[in-house]
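Have a look at the structure below before the remarks.
The first residue of the sequence shown is numbered 1, and numbering continues consecutively from there. This one's a predicted model, so the numbers in the text were calculated from it and none came from an experiment.
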Amino acid sequence: MATSAYFLAQETYAALGIDTEAALRRLAGVPISLHCWQGDDVGGFEKTGNDLSGSGIAATGNYPGKARTIDELRKDLELAYRLIPGKHRLNLHACYGDFGGKKVDRDAITVAQFQSWIDWAKANGLGLDFNPTCFAHPKASDGFTLSHADAGIRQFWIDHCIASRKIGAEMGRQLGTPTVTNVWIPDGYKDLPFDRRAPRERLTAALDAVFAEAIDPRHHLDAVESKLFGIGSESYVVGSHEFYLGYAIRKQKLICLDAGHFHPTETLTDKISSVLMNVPELLLHVSRGVRWDSDHVVILDDHLRAIMEELVRGDYLGRTHIGLDYFDASINRIAAWTIGTRNAIKALLIALLEPAAQLRSSENAGDLTARLAWMEESKSLPFAAVWDEHCRRQNVPVGGAWIAEIKAYERAVLSQRV
Ligand code: RNT
Ligand code: ZN
């Protein structure tokens, strides 16, 4: 039963020509891909364990109760999905395979190690996305993978990426929804390189080898993700934005824009409509950099709102795959998923409830005063009542009620993980 707060909000929006029911219907159809790696600080389930050195990334914090096994990670995810309204996806990294205690090196993985994830996803009504794990491995310890100067090491990572695409394609085929497999590599130098060209030529050739086989886009889509710098690759990153943007345009691949991978004052706001002029589709890693690419939990801030506004205003939702990417080990990890994902959905709802007609007609009429006025007025429209209604209809906790559920799980389950 909808509440009177919702009906009042519905009237307020209707007076502006905004249909809250249509917004709720659209919102319910947009999946967010939750990143598995928030659950265990980018650890994974390989026998070798987790060492992010040389990877350019780091999870900081030691909040107790992180998932140690595939079953624990699934149980934690199931709780997060119960607290997040709507039907969503899971974004898996290759190092999260079901290895059953056996060592299967990265270049040898097949769908066999991911069948239990596919079965689990099917049982939970989730789509899957995928990533080769080109870090946290002895062959990545000097910080280079696909652009490595050593042909043997390069080939190892090419083989890993090819294996990952095959797994992604099989996930998409079995689940009936295309898997986006995203290639991100850490390759770069701490200090000034002499030769910036050769690694980029090697990376181009390696990517060509990785993508040589065409895969049916009904099952699988390729994305490439750039970065500005990483920890230990402050001076040079082979896969820069310009590098991948050019590659993606030339090969008509998806470009992955990670909100934390640009200069601190640079946002995705202008990039979305720019890159979508030239690439078929977009993958977003919604994240929050704080001073650097620090992967903080996504909050309802101006950047997040602007990203979602762009997707709605530009009518790009059908060409955009929304994923999250952050890893905070200093707070409850299930809460980190829940907070960030609920915020991403909430921001999308706010964007769907914009007084778009007024904004568009003011702008088209050259009435920039009215445009600014409507933008500011829209900030105090009663979206919270519509958001609560969304949670109610999707049978998830309304408002802060989810916090108690996480606390109870922490007491009953996480506290036992010592
Ligand atoms: C790293 C990239 C990349 C990773 C994941 C774990 O800077 O953002 O997306 O976060 O692959
Ligand atoms: Zn990312």
Side-chain angles (χ1 to χ4, degrees), residues 31 33-37 39-40 42-50 67 69-78 81 87-137 139-140 145-146 155-185 206-207 209-225 253-254 256 283 321 323:
S33 200
L34 270 74
H35 50 316
C36 74
W37 52 92
D40 73 336
V42 208
F45 305 122
E46 288 168 321
K47 248 193 137 171
T48 44
N50 123 40
T69 64
I70 211 162
D71 290 322
E72 289 181 353
L73 187 65
R74 285 177 189 158
K75 286 283 163 295
D76 293 358
L77 280 163
E78 285 164 18
Y81 287 116
K87 275 283 153 215
H88 300 288
R89 305 175 65 86
L90 177 68
N91 193 6
L92 275 177
H93 240 285
C95 61
Y96 285 77
D98 193 345
F99 300 108
K102 286 193 284 288
K103 177 160 169 72
V104 184
D105 211 348
R106 301 263 175 93
D107 59 340
I109 54 169
T110 68
V111 73
Q113 289 82 42
F114 295 89
Q115 191 57 52
S116 74
W117 275 116
I118 299 174
D119 298 341
W120 177 85
K122 193 173 268 175
N124 286 277
L126 303 163
L128 287 178
D129 296 302
F130 201 53
N131 307 259
T133 309
C134 300
F135 54 82
H137 186 281
K139 287 198 164 71
T145 61
L146 286 178
Q155 191 59 48
F156 175 85
W157 292 110
I158 290 170
D159 291 341
H160 174 54
C161 291
I162 290 174
S164 297
R165 289 180 81 224
K166 289 195 173 128
I167 293 163
E170 185 56 20
M171 287 172 166
R173 194 189 64 76
Q174 288 192 37
L175 295 171
T177 166
T179 289
V180 179
T181 297
N182 177 51
V183 174
W184 173 75
I185 59 167
L207 291 170
V210 168
F211 297 133
E213 192 189 317
I215 303 183
D216 188 338
R218 283 173 308 171
H219 305 321
H220 184 266
L221 300 164
D222 294 301
V224 287
E225 178 181 9
K253 298 293 181 192
L254 277 65
C256 172
L283 171 63
H321 306 260

Output, in order, the C-alpha distance, side-chain angles, deciding distance and verdict of side-chain contact (heavy atoms from CB on, under 4.5 Å) for Phe114 and Glu170. CA-CA 10 Å; Phe114 295 89; Glu170 185 56 20; over 6 Å; no
Checking ring-ring contact (aromatic ring centres under 6.0 Å, His included) between Tyr96 and each of Trp120, Phe130, Phe45, which is the one that passes?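 So, applying the ring-ring contact (aromatic ring centres under 6.0 Å, His included) to Tyr96 and each of Trp120, Phe130, Phe45, only Phe45 qualifies.
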Listed partners of Gln113 passing side chain to side chain donor-acceptor pair (under 3.5 Å), at least two apart: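 Listed in chain order: nothing, the list is empty.
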What's the shortest heavy-atom distance between [X] and [Y], and which atoms?
X      : Y      : answer
Gly39  : Leu73  : CA-CD1, 3.7 Å
Ala163 : Ile109 : CB-O, 3.5 Å
Thr179 : Leu128 : OG1-O, 2.8 Å
Arg165 : Lys253 : NH2-NZ, 4.3 Å
Cys95  : Thr133 : N-OG1, 3.0 Å
Val180 : Leu254 : CG1-CD2, 4.2 Å

Go through the steps to decide whether Phe156 and Asp105 satisfy the test side-chain contact (heavy atoms from CB on, under 4.5 Å), and finish with yes or no. CA-CA 10 Å; Phe156 175 85; Asp105 211 348; 3.5 Å; yes
State the [atom1]-[atom2] distance between [X] and [Y], to the nearest 0.5 angstrom.
X      : Y      : atom1 : atom2 : value
Ile118 : Ile167 : CD1   : CD1   : 8.5 Å
Glu78  : Leu126 : CD    : CG    : 9.0 Å
Thr145 : Ile185 : OG1   : CD1   : 4.0 Å
Cys36  : His93  : SG    : NE2   : 7.0 Å
Trp117 : Met171 : CH2   : CE    : 9.0 Å
Leu207 : Asp222 : CG    : CG    : 10.0 Å

Sorted by first residue and then second, give each salt bridge (charged side-chain N to carboxylate O under 4.0 Å, His left out) pair with at least one member in residues 106-115; sequence neighbours left out.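 Residue pairs with at least one partner in residues 106-115: Glu46-Arg106.
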Not counting sequence neighbours, which residues clear salt bridge (Lys or Arg N to Asp or Glu O under 4.0 Å) with Arg74? List them please.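 With sequence neighbours excluded, Arg74 shows a salt bridge (Lys or Arg N to Asp or Glu O under 4.0 Å) to no residue whatsoever.
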Going through the distances and angles, do Lys75 and Glu72 end up as a salt bridge (charged side-chain N to carboxylate O under 4.0 Å, His left out)? CA-CA 5 Å; Lys75 286 283 163 295; Glu72 289 181 353; over 6 Å; no
Determine yes or no for a side-chain-to-main-chain donor-acceptor pair under 3.5 angstrom, with Tyr81 supplying the side chain and Arg89 the backbone.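 Checked: pair present.
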When you compare the side chain of [Y] with that of [X], does any pair of heavy atoms fall below 4.5 Å?
X      : Y      : value
Pro178 : His219 : no
Phe211 : Val224 : yes
Trp157 : Val210 : no
Ile70  : Phe99  : no
Asn91  : Leu34  : no
Lys122 : Leu175 : yes
Asn131 : Ser164 : no
Arg173 : His220 : no

Taking atom types as modelled, find out whether Gln115 and Gln174 have a side-chain donor-acceptor pair closer than 3.5 angstrom.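 A pair is found: one side chain offers a donor N or O, the other an acceptor, under 3.5 Å apart.
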For the residue pair Asp129 and His35, confirm or rule out a side-chain donor-acceptor distance under 3.5 Å.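 No - no donor-acceptor pair under 3.5 Å links their side chains.
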Under 6.0 Å from the NZ atom of Lys102, do we count more than 12 heavy atoms belonging to anything else shown?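 Result for NZ/Lys102: open.
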Apply side-chain contact (heavy atoms from CB on, under 4.5 Å) to the pair Cys161 and Leu146, showing each step before the final yes or no. CA-CA 9 Å; Cys161 291; Leu146 286 178; 4.1 Å; yes
Trace of the side-chain contact (heavy atoms from CB on, under 4.5 Å) decision for Lys166 with Val111: CA-CA 8 Å; Lys166 289 195 173 128; Val111 73; over 6 Å; no
